[in-house]
Protein chains: 4
Amino acid sequence: MSGVEQATGVQQEQVPVTDRGRRTRAALLQAGRELFEERGWADVRIDAVAERAGVSHGTFYTWFDSKESLLRAIVAVVVEDVFTATTVGPRLPPDAPYARIEAANRLYLTAVTRHARILRVLDSLADTREEFRRLRVDVREAFVRRGMEGLVRLQELGLADGALPPRATASALGAMVESFAHLWQDPGEHLDEDAAVDVLTRLWAGAIGLPRSAWPDGASRRPT
Amino acid sequence: MSGVEQATGVQQEQVPVTDRGRRTRAALLQAGRELFEERGWADVRIDAVAERAGVSHGTFYTWFDSKESLLRAIVAVVVEDVFTATTVGPRLPPDAPYARIEAANRLYLTAVTRHARILRVLDSLADTREEFRRLRVDVREAFVRRGMEGLVRLQELGLADGALPPRATASALGAMVESFAHLWQDPGEHLDEDAAVDVLTRLWAGAIGLPRSAWPDGASRRPT
Amino acid sequence: MSGVEQATGVQQEQVPVTDRGRRTRAALLQAGRELFEERGWADVRIDAVAERAGVSHGTFYTWFDSKESLLRAIVAVVVEDVFTATTVGPRLPPDAPYARIEAANRLYLTAVTRHARILRVLDSLADTREEFRRLRVDVREAFVRRGMEGLVRLQELGLADGALPPRATASALGAMVESFAHLWQDPGEHLDEDAAVDVLTRLWAGAIGLPRSAWPDGASRRPT
Amino acid sequence: MSGVEQATGVQQEQVPVTDRGRRTRAALLQAGRELFEERGWADVRIDAVAERAGVSHGTFYTWFDSKESLLRAIVAVVVEDVFTATTVGPRLPPDAPYARIEAANRLYLTAVTRHARILRVLDSLADTREEFRRLRVDVREAFVRRGMEGLVRLQELGLADGALPPRATASALGAMVESFAHLWQDPGEHLDEDAAVDVLTRLWAGAIGLPRSAWPDGASRRPT
DNA sequence: AATGAATGAGTTTTCATTCAT
DNA sequence: CATGAATGAAAACTCATTCAT
């Protein structure tokens, strides 16, 4: 199980024991998430986080060691959520590959969309801070691994292009799905969730060479 | 900044008139690019740029208004280069769609790879600075548009899945290619250029539903 | 100043809530006043203010937004003081115009003298910074208005030259009194307060044409 | 002859020998004056002066040693002009004191008005730079001295209040006249030159106690 | 636990002045 | 003489983090 065991850094964040403490910490977490989403990393001051959480500046440090530490805590939730969404899908039969791909895409697309803003913040730090680069990778990891395993299985069954290197392929297609979540934000790309999932699944299935015969009727013959 | 607004509007960057000036400006540009690539945006000081360029601190401001301004100038070159690479490819016959896709992918992949580090820096700013978001989009635009036009043409010829919305599809596939350039950096994804182009082209061709009959022999039957 | 505008509007200066805060703020105010008086505006560094107040550099910004902001706070006290001195004088009978003029002159002269150095600083900024020009005017306003009203009353009673335009006259005479406070600093003009007030009052009373009969005995016949 | 012999500072400004040089120097002088008048001291960059004069930045230093030096040269002209205006008036008969006061006031008022903006700039520096404080005094000196001498003469003739100390009185009244030149700039004090001179002369004559019998008919009986 | 205040390292930027050509 | 460029000493301001109550 990747991506969840990162928490053991150097300094442990304080863990609240009283109810009041729990509430304060939660408020800071919430305020931090909102602000990061609104303004990005660099433009968020600890001051602002504390203020929005309704506590004094100093209190922030009762619960978090640093600004980084706050983001780490926020991202931990995200990693967990994406991981869960990716892993705990409906258990579809192995002989329905298209439906499996579709289900995985939908879950990942919605999960990533849910966290699109905070993931962008993470991205902006991933460039220089090794720790966050790892976290960024962790978010993707479960999905990529799942895609990779699925691909291998299909290749073994002769249902996917055997020439494709599994890991790289899964990475590339995973990136494709994820990029969709971000492009969605922009005006100009207007698709509802079903349409988006449909497009992504078609691209994916076609890309790995899943034979049209294995596509559902609606998908393979869909008109323009 | 004192109280009275100077009469001049937005100051234009200086343009060197002497050779010495040209050399200095170029050195700063080069030093800036290197440092941004090595350390990312936030960890580069103007001081360091000047030092690496072998000039004094103040000289930086003779040629650039600000750190932002420097990046802008660096990125302008990148945008230009990627645009050119994307646009000025070998003119392949329209009836060789696979080869066309391959050529386009190769050009874009190498161009983006060439600039991978600086594009990451740009990404990290794109989240909050509207100006840089636009630039980021500009880098992709030519490639996405080209992919879109190619797709439309193939759809009209019945050689591509008519159900795919052109713009979104081209965006998604473009993102896929681009992500490859970045993943390449990471250890663990080791493919040489030819192999990478091959994978991407297979994925792309398959994704849009280009019939296997339109694939070159080597591509369609390549073994694992 | 990064690209994104923080949500807060014009930041208000902090108001101390603890005693320690009050003490620190007062010390900065005091240090600032002294330094401005000693060195003028341009030659005062925030660093120096903080040092003299016995706090660190950053602490200055806990209490004031900027150097301007500090001066504003200092001047606010001055405006207040001059206003009070000008307004809250001994209530003399209307039928003792000379004594009234004298009392007003004394109060204004001593008030302006008390603040002569800081007013000079204000002057030096008033030329270009509209905000400070207004403050400068504010300092004078109460005295000028009072002089004007007094003049109008005397004109109505036939005790002052009816040809004098009240506002301009009061301005000119006010400037005369004020200039005295500054000239006093210079060596070469040595008069004690009583002598200065006497001269100014004679000039004033004579200027508006107050009949000699309304002058006190001592004043009208005073020998050289 | 006060106020004109100041030029011998430490470094002598360059003196042009060619025609081209003369033109360049004059252009810089002119540009400097305009800019100081428009923006005040601190907000004028040497860059801007050079640009407005149509020469390159470096050329400025061919003709002036420093920014201070430029202002010094500009002010020298002003001092000279005010001095001349004050000294070289119409030679009126000693037995027409009111007319003499009026003439002096008019000359001084117009001279100071002509240079009001640049004198303000000088003021803003006078607070801290001893050199400019001297210059500032020099501008006033001739007028104050003349007023003082006039007052002494009238006192000796019994035509002025003998209780007035000549120097202080002349200073105060001089400041009064000068302040008028500045207040004129402000909206709200709207008087044409004749009216202003009239008011000032009445105030002056009254202030020193010039008997009404020595006032011209128009002046003494002017109605409201 | 919470709070208000203090800290100071870290950065960008300005601009008068000098200089090589 | 003029020019374009280089210089570097200032200086203001920010903000994460620490601390005394």
Side-chain angles (χ1 to χ4, degrees), chain A residues 14 16-18 20-21 23-25 42 44-50 54-70, chain B residues 1-2 14-25 42 44-48 50 54-68, chain C residues 1-2 14-25 42 44-48 50 54-68, chain D residues 14 16-18 20-21 23-25 42 44-50 54-70:
Chain A
Q14 267 59 261
V17 293
T18 69
R20 188 190 185 194
R23 256 179 288 123
T24 300
R25 190 173 188 281
V44 170
R45 324 265 155 265
I46 298 296
D47 245 346
V49 176
V55 298
S56 89
H57 188 155
T59 298
F60 175 87
Y61 288 90
T62 303
W63 299 110
F64 299 95
D65 293 327
S66 64
K67 199 177 168 185
E68 254 101 355
S69 173
L70 172 63
Chain B
M1 200 115 320
S2 58
Q14 260 39 263
V15 174
V17 297
T18 67
D19 241 30
R20 190 186 181 200
R22 255 184 298 278
R23 256 179 288 124
T24 300
R25 190 174 188 280
V44 170
R45 324 269 148 258
I46 298 295
D47 258 340
V55 297
S56 91
H57 188 153
T59 298
F60 175 87
Y61 289 94
T62 303
W63 301 113
F64 300 96
D65 292 331
S66 63
K67 204 173 158 185
E68 257 94 358
Chain C
M1 200 118 315
S2 58
Q14 260 38 265
V15 174
V17 298
T18 67
D19 241 32
R20 191 187 180 197
R22 256 185 298 278
R23 258 179 286 126
T24 300
R25 190 174 188 281
V44 170
R45 322 271 147 258
I46 298 296
D47 260 339
V55 296
S56 91
H57 187 154
T59 298
F60 175 87
Y61 289 95
T62 302
W63 301 113
F64 301 95
D65 292 332
S66 62
K67 204 173 160 183
E68 257 96 356
Chain D
Q14 268 59 259
V17 293
T18 68
R20 188 192 184 192
R23 257 179 288 123
T24 300
R25 191 175 188 283
V44 169
R45 324 263 155 267
I46 298 297
D47 245 345
V49 176
V55 298
S56 88
H57 189 155
T59 298
F60 176 88
Y61 288 91
T62 303
W63 299 111
F64 298 95
D65 292 326
S66 64
K67 198 177 168 184
E68 252 101 355
S69 173
L70 172 63

## Note on the structure
Those stems involving DNA chain E that have three or more consecutive Watson-Crick or G-U pairs, both distances under 3.5 Å, are E:2-21 with F:2-21

### Task
Could you pick out which residue, C:T62 or B:S66, lies toward the 5' side of DNA chain E when each is mapped onto its nearest nucleotide?
C:T62

Between [atom2] of [N] and [atom1] of [X], the distance in whole Å:
| X | N | atom1 | atom2 | result |
| --- | --- | --- | --- | --- |
| C:E68 | F:dA12 | CD | P | 10 Å |
| D:I46 | F:dA5 | CD1 | P | 19 Å |
| A:F60 | F:dT18 | CZ | C1' | 14 Å |
| B:R20 | E:dC19 | CZ | P | 12 Å |
| D:F64 | E:dT18 | CZ | P | 16 Å |

Please tell me if [X] has a side-chain N or O lying less than 4.0 Å from either OP1 or OP2 of [N].
| X | N | answer |
| --- | --- | --- |
| C:T24 | E:dA6 | yes |
| B:T18 | F:dT3 | no |
| D:K67 | E:dT17 | no |
| B:Y61 | E:dT14 | no |
| A:W63 | E:dA1 | no |

Which pair of non-hydrogen atoms, one from [X] and one from [Y], has the smallest distance, and what is that distance?
| X | Y | answer |
| --- | --- | --- |
| B:G21 | B:P16 | C-CB, 3.5 Å |
| A:S56 | A:A50 | O-CB, 3.6 Å |
| D:H57 | D:D47 | ND1-OD1, 3.1 Å |

Without swapping roles, check the side chain of [X] against the backbone of [Y] for a donor-acceptor pair under 3.5 Å.
| X | Y | answer |
| --- | --- | --- |
| D:K67 | D:V44 | yes |
| C:R45 | C:A42 | yes |
| A:T59 | A:V55 | no |

### Message
Working note: D:I46 + D:Y61, criterion side chain to side chain contact (heavy atoms under 4.5 Å, CB included); need CA distance, chi angles, decisive distance, verdict.
### Response
CA-CA 9 Å; D:I46 298 297; D:Y61 288 91; 3.8 Å; yes

Might you list the N or O atoms of the protein lying below 3.5 Å from N or O atoms in nucleotides 8-10 of chain E, with each pair's distance?
from: E:dG8; atom 1: N7; to: C:G58; atom 2: N; distance (Å): 3.1

### Query
Hey, what do you get for CG (D:L70) to CH2 (D:W63), rounding to the nearest 0.5 Å?
14.0 Å

### Message
Both A:D47 and B:G54 contact DNA chain F. Which one's nearest nucleotide lies toward the 5' end?
### Response
B:G54

### Message
One pair to check against side chain to side chain contact (heavy atoms under 4.5 Å, CB included): C:Q14 and C:F64. What are the steps and the verdict?
### Response
CA-CA 7 Å; C:Q14 260 38 265; C:F64 301 95; over 6 Å; no

### Task
Scan A:V49 against the nucleic acid and name what it touches under 4.0 Å (heavy atoms): base, sugar-phosphate only, or nothing.
nothing

